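All figures in this text were calculated on a predicted structure; none of them were measured in a lab. Note: hydrogens, waters and symmetry copies are ignored here, and every other heavy atom, side chains too, is used. Naming: A, B, ... by sequence-line order, numbering from 1 per chain.
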There are 2 protein chains.
Amino acid sequence: MAEVTLRDVARAAGCSVATVSRVLAGTRPVGAETARAVREAADRLGYRPNEVARALRSRSTGTVGLVLPQITNPFFPSLVRELEHVLHAEGRAVLLADCDDDPETEAARIGALLGRRVDALLLIPVDERRSREAVAAAAAQVPLVLLDRGCGPGVADSVAVDNAAGMALVLEHLAATGRRRPCFIGAAGTASAAAERRAAYAAGVAALDPTAPERAVLGEFSVEWGRAAVDRIWPARPDAVVCANDLIAAGALQRLRQLGADVPGEVAVTGFDDVPLAGLADPALTTVRQPVAELAAEAARLLTRRPAAALVPVPGPRRPVRTVRLAPELVVRASSAPGGVRVEPCATS
Amino acid sequence: MAEVTLRDVARAAGCSVATVSRVLAGTRPVGAETARAVREAADRLGYRPNEVARALRSRSTGTVGLVLPQITNPFFPSLVRELEHVLHAEGRAVLLADCDDDPETEAARIGALLGRRVDALLLIPVDERRSREAVAAAAAQVPLVLLDRGCGPGVADSVAVDNAAGMALVLEHLAATGRRRPCFIGAAGTASAAAERRAAYAAGVAALDPTAPERAVLGEFSVEWGRAAVDRIWPARPDAVVCANDLIAAGALQRLRQLGADVPGEVAVTGFDDVPLAGLADPALTTVRQPVAELAAEAARLLTRRPAAALVPVPGPRRPVRTVRLAPELVVRASSAPGGVRVEPCATS
DNA sequence: GTGAAAGCGCTAACAG
DNA sequence: CTGTTAGCGCTTTCAC
């Protein structure tokens, strides 16, 4: 059967298309009897509003673009899931773009999404610096919220976990369980997660014991680097290895086991993010859980409350960007347990 | 600045909107000089075609809906990534829907995507049986390709890995490396991956040694089940544990280590899918790698070649559905290595 | 090769 | 409360 349109419904219900539109969109009050007839006709004909036409006319597609570096990064799927749920619950659809960790691809994807007239953009930038230009340009056109990673000061609203608070939780826990000679395996570069976590580690360790020499090595957020880094720090025999994320920690755990180290007896290992892998490692990894559902909800809230960019640039001071930081939670598992302490069992996958 | 439209470009180039449209879309030949002027004007004004208007007029949104059970299932992200790349390369955008493993949510998402007038649907069904109705209804409206899992016979075109071939590779490898007493930890239910893999195991083992008693236990595709199943099969002291997917295998590996079993010396363990976790397990997991990029390419090909459903149902025999099965590849790692054999190093995550 | 005109299906003024 | 009338920005006949 051909497509059922508003006209068909109007004809069947014996009224004008405007009335049908009003009933179905609930835009303005309509007589109870007419409304019933319209709904009945729409039902009977199996009418389904054409969102494309609606979008063209109302200048709003009900669509948000979700741009991320690489969906295969194990931290992202759960975030994508929560975002999808929150947005669909508001009747908005998600256009997904995977940038293959490449800023140029990212710029192209952003352009494609803007061409499709997304109402807003949710974006995890590929690179703190090299993403900035494209992000700033996009932010001038539609409401845009940065997620998980920053993109330079003042570029756009952003929502992320409080990395400093998370690192503080880790250090506190290690101190409380008697660890005295921690070291850090971090990531180099300016990405906010990398920079904030290593700064927080440095600050926290100094507060713990100002005389302790700082043992920190920097590489990247990968399992390989975790493995390699252990060879650099293990000779100093730390009693705790604080890792900047779970991938690094997984690699560190593997290598420590190969070297015959006793985890957690001899040395504790901690991660960050609580990706699915963390609960599956052996021993299960103590880590910092990001409040994923809250991050998603907060991002969605910022999107909807930020009014569309003015068509004509307003003179005067620019609206200040909003930065939301959410508190994470420490998840203590076997990799940092002092003897006999009960810990959370392995995660379920 | 207000939105730049075709009219603006036409005015700037000194021609009609029709001409501009033709130049930009390349629909019909246009004078070289005019074309140049148009392109120059479009560039200068920063014109970006409004895909919404284009979609309304041309009755094609250039958009594909991707519906999946749960993006957090570790097998899906790499598939989503490949699909996204293949589709974006053709200038199509991906509307993502996550069904939370629930058939009703799935039906609702499908409806929402159809309302948005997606040109086609790529769908990994939540359930072989309970998804069927919604999927069949959707397939009547737009081209639809089933991915990874089936949904009953004759419902729609489908693309998936050849599970039987994969299982045969595993059994062959185990036989070749001297394993004689395998057992199987599978998944119950009618989902195609579960059913095909356990059938292939049964057939392969019987062919290997018709007198061997079949040792198989069935549960679900989860780490927990892998752990629990080991307690059921270990007393019989198999020399190989064939698992229906990598999650099960990861659980089995954990439990075997707790029990003090020597993997791979005493018993080999194999998985299926080659999710990122597989290379990270200890010992790294021998598994069957799905040809993810090829699956994605094949799915995209089926989508574009299936002409849109006829507006008026044609009488006569229905077009037969196409079923594509792609051959997987065996990835031998430490969990099944006979002594001294070189195996692929850990995956890089 | 180019332009004028007619809509795609819907919403939003504006009258009644 | 309801109908009539304009379009949203684009593609696509149909003339020239």
Atom CZ of B:Arg116 to atom C1' of C:dC10: distance rounded to whole Å? 14 Å
Answer yes or no: is there an ion pair linking A:Arg81 with A:Glu84, defined by an N-O contact shorter than 4.0 Å? no
For a side-chain contact (heavy atoms from CB on, under 4.5 Å) with A:Val64, tell me which candidate from A:Val145, A:Leu87, A:Val142, A:Thr304 qualifies. A:Leu87
Taking atom CG of A:Leu68 and atom CG of A:Leu147, what is their separation to the nearest 0.5 Å? 9.5 Å
Between CD1 on residue B:Ile124 and OG on residue B:Ser158, distance to nearest 0.5 Å: 12.0 Å
How long is the span from the OG atom in B:Ser78 to the CD atom in B:Gln290, to the nearest 0.5 Å? 8.5 Å
Report, as a single string ordered 5' to 3', how protein heavy atoms within less than 4.0 Å touch nucleotides 8-13 of chain D: B base, S sugar-phosphate only, - not at all. BBBBBB
